[in-house]
J.: 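What follows is a structure written as structure tokens; I'll ask about it next.
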Protein chains: 2
Amino acid sequence: MAYRPADQIVHKAAWLYYTHGLRQDEVAQRLNISRASVALYLRRAREAGIVNISTSTQLFRKDMMARRLEDALGLETVWLVGEEGLTQDPAAEIPTLAASVFLEMVKNGDRVGVAWGRTVYAIADAMAYADRQGVTVVELCGNLGSPYSYRPDQCTMEIARRLNARGLNFYAPLVLSTEELARALREEPVVREQLDGISSCDLALFTVGTLDEDSHVIKCGALGLEELHRLKKQGATGVIAGQIIDAEGAWLDCDYNRRMISADFDAIRAIPRRLMVVQEDEKFEPLLAAINGRFFTHLVLTSGMAARLIEHTDARANEHEPAKATA
Amino acid sequence: MAYRPADQIVHKAAWLYYTHGLRQDEVAQRLNISRASVALYLRRAREAGIVNISTSTQLFRKDMMARRLEDALGLETVWLVGEEGLTQDPAAEIPTLAASVFLEMVKNGDRVGVAWGRTVYAIADAMAYADRQGVTVVELCGNLGSPYSYRPDQCTMEIARRLNARGLNFYAPLVLSTEELARALREEPVVREQLDGISSCDLALFTVGTLDEDSHVIKCGALGLEELHRLKKQGATGVIAGQIIDAEGAWLDCDYNRRMISADFDAIRAIPRRLMVVQEDEKFEPLLAAINGRFFTHLVLTSGMAARLIEHTDARANEHEPAKATA
DNA sequence: CATGCGCATTGACAAAAGTCAATGCGCTGC
DNA sequence: GCAGCGCATTGACTTTTGTCAATGCGCATG
């Protein structure tokens, strides 16, 4: 490149300002130009790449990934565990982290909605005792009468206990045998009130469930194997508060969902802060569905999953704007 | 450590401010903290190296003198400080510039050899935090056990820290009391391996030392005064990685050098990019010796020294081809 | 359980940086 | 040679950032 004296002064200004830490007026004085010119040169220097301002990637790799996910998914905050090699299994740390995060999110007087699942129960179990004032914990879905160990009401009550909060259970089963019965029950005042109360929550805690033969919904008896296979053909991809969603995160219009007593998805989305916790790596597809459904605003997951998500969203971005791929 | 919300918010603030270009008040609003806190976090982020601001060193090589020196000495690149009246003492800027230049030279995956000296330590100190990947920093010479403030291993480790690199120290002293011991130690597998690893470096950073009564080698106790005088009579002119060279840049065959554990000169010369930094004007003669020894490929020095060098090489050229002097 | 200590946070003010219309200067074309 | 154009530069004003004393909060200690 030819020697352009015009660039020289831009370089000089950048050097004095960024490397030497002089103020703009000092730089101006030193170079015998106005401070306004210095400001202009500095902008040019940044734009031309003479000055590089970057946030560290390697030192804070996890944080970096979290920030990128927040941006890509439009989330409030993302927390990641793993990568650092501190524990053998990063997933094991998820409930601990999620419990801390959740505790920090609960403010006095909050109304908190809690869904159900292995992970939610593990979080409850890992949660420290805190004495919040005036907190109410409500269920986001109906109950399961089965003796299965992680019952929705247990999650709710355990979390309420840890928070020194009032726990309110749904006075209805999760799944009924007929659509008519479910519809009728939903209109019962006491149930209606509980369902309506969901959208007035300040905070929600839930996971997304998978739909495999050893999934939670199957093992707890809510859903039979043959029905599972039929639903999967219809596009069933994941489970949110007991209800089945398709790959787009939309409520799957099926007999099973219609027989369910659980939070209306719009009611869930009306809750301002919604913490999603994903522990198992198998939940990738369901998580994508949940993302599409915009079910959550805060996310706790492993860095492995985070990496897959970033890769996935990048790939999608390139699909849409292939020109950028080469840049 | 598992979950440090303190770091998280600092990183997030830095991300929003520097990567997203939000204003401090916007960041504060987003994070629900005061703007004053944002300003504080950003300062911490800069200090902790979460944010890197670096300026191109182009300015310092766009100089005619630098070009002439490159040609005259057959060097890759020369950077000059001074002349522009930017600072009162040009020498004071040498470490800053050298640090920038050096940072620009270090690529991911590089193996970097670092020698020792006041200047090298000053460079380490002035160096910005950067997050290179897979960089290894090795010592070019043995260690000094003395409590003198600029120890070789400190240089190495500090530079490694700044680069987010792995630092490897020599497991041997710089000078031993007998030649036999030095020879034996050199053949120790662990030391041998370290010595052999020098030639596989991609980049080296070092200075040339003087041999006066207040020189570094004397002050740190490696060399005694009487020995110094004896060696100077033998032609000792400068110091490279602890070892003494004569005016031609050749290894001085003396007891002192033979008692030393340090990089073989051919190993040093096998490193493709070798940055020499000369801060003090007193180092003119040693620098000439180092030039003769072809110890370096890149050079950072003051324009005052550069002028003397050009004058010197011109004079020598005229000696050899006086006819050209009149042309 | 009260007390004191230290550190994080904040509000308010001072300093610095960004912006933009007005000006000046050099260059081109007539 | 001169008018017109475009771009660099600047002063004056606004916005943004830095700073610091005051405050508050949590934590450990007596």
Side-chain angles (χ1 to χ4, degrees), chain A residues 2-55 60 63 77 99-110 127-135 162-164, chain B residues 1-55 59 62 86 128:
Chain A
Y3 176 79
R4 284 179 301 173
D7 288 356
Q8 186 89 352
I9 202 157
V10 174
H11 270 101
K12 253 189 216 179
W15 179 263
L16 289 172
Y17 186 76
Y18 287 106
T19 308
H20 269 261
L22 297 192
R23 291 194 315 268
Q24 290 189 358
D25 55 353
E26 294 177 304
V27 175
Q29 206 175 350
R30 204 71 93 69
L31 302 177
N32 277 314
I33 52 179
S34 73
R35 202 191 50 71
S37 294
V38 173
L40 178 68
Y41 294 164
L42 290 179
R43 200 220 323 251
R44 283 206 202 135
R46 285 190 299 265
E47 284 166 358
I50 292 171
V51 178
N52 257 350
I53 303 180
S54 61
T55 49
F60 299 86
D63 300 273
T77 309
S100 303
V101 165
F102 180 73
L103 264 185
E104 250 183 35
M105 290 178 77
V106 180
K107 301 277 167 274
N108 286 342
D110 272 0
M127 199 173 294
Y129 289 84
D131 56 321
R132 295 289 188 279
Q133 307 295 319
V135 171
R162 305 277 173 143
L163 295 172
N164 186 36
Chain B
M1 202 182 301
Y3 168 61
R4 287 174 301 175
D7 287 3
Q8 177 99 355
I9 203 154
V10 170
H11 189 264
K12 218 165 154 171
W15 177 264
L16 290 171
Y17 187 77
Y18 287 107
T19 306
H20 274 259
L22 297 191
R23 289 194 314 269
Q24 290 188 358
D25 53 355
E26 294 177 305
V27 175
Q29 204 176 349
R30 204 82 120 51
L31 302 178
N32 278 313
I33 51 178
S34 72
R35 202 191 51 71
S37 294
V38 173
L40 177 68
Y41 294 165
L42 291 179
R43 200 222 322 250
R44 284 210 201 129
R46 286 188 299 264
E47 283 167 358
I50 293 174
V51 176
N52 293 315
I53 301 180
S54 62
T55 47
L59 166 65
K62 284 197 167 181
L86 296 181

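Numbers restart at 1 for each chain; the letters A, B, ... are given by sequence-line order, proteins then strands.
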J.: Atom CG of Leu40(A) and atom P of dT19(C): how far apart are they, to the nearest Å?
T.: 10 Å
J.: Please round to the nearest 0.5 Å and tell me the distance separating atom CZ of Arg23(B) and atom CZ of Arg35(B).
T.: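 Atom-to-atom, Arg23(B):CZ and Arg35(B):CZ are 10.5 Å apart.
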J.: With each end axis built from five pairs of C1' atoms, what bend angle do you get for the helix from dC1(C)-dG30(D) to dC30(C)-dG1(D)? Round to 10°.
T.: 20°
J.: Please report the distance, rounded to the nearest Å, between CG in Leu42(A) and C1' in dA16(C).
T.: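 Taking CG of Leu42(A) and C1' of dA16(C), I get 12 Å after rounding.
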J.: Let me know the distance between CD of Gln24(B) and P of dA15(C), rounded to the nearest Å.
T.: 17 Å
J.: So where does chain B start and stop touching DNA chain D, 5' to 3', when the test is distance under 4.0 Å to a non-hydrogen atom?
T.: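 Boundary nucleotides touching chain B, in 5' to 3' order, are dT16(D) to dT19(D).
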J.: Rounded to whole Å, please give me the gap between CG in Asp25(B) and C1' in dG11(C).
T.: 15 Å
J.: Quick one: is dA17(C) close enough that its OP1 or OP2 comes under 4.0 Å of any side-chain N or O from Tyr17(A)?
T.: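 Looking at the OP1 and OP2 atoms of dA17(C), one of them is under 4.0 Å from a side-chain N or O of Tyr17(A).
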J.: What distance do Thr19(A) atom OG1 and Ile53(B) atom CD1 have between them, rounded to the nearest 0.5 Å?
T.: 9.5 Å
J.: By a strict heavy-atom criterion of less than 4.0 Å, which residues belonging to residues 31-39 of chain B are in contact with DNA chain C?
T.: Ile33(B), Ser34(B), Ala36(B), Ser37(B)
J.: What I'd like to find out is whether the side chain of Val135(A) reaches to under 4.5 Å of the side chain of Asn164(A), using heavy atoms alone.
T.: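 No - every pair of side-chain heavy atoms lies 4.5 Å or more apart.
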J.: Starting at CZ of Arg44(B), measure out to CD1 of Ile9(B) and round the result to the nearest 0.5 Å.
T.: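 Arg44(B) atom CZ to Ile9(B) atom CD1 measures 11.0 Å (nearest 0.5 Å).
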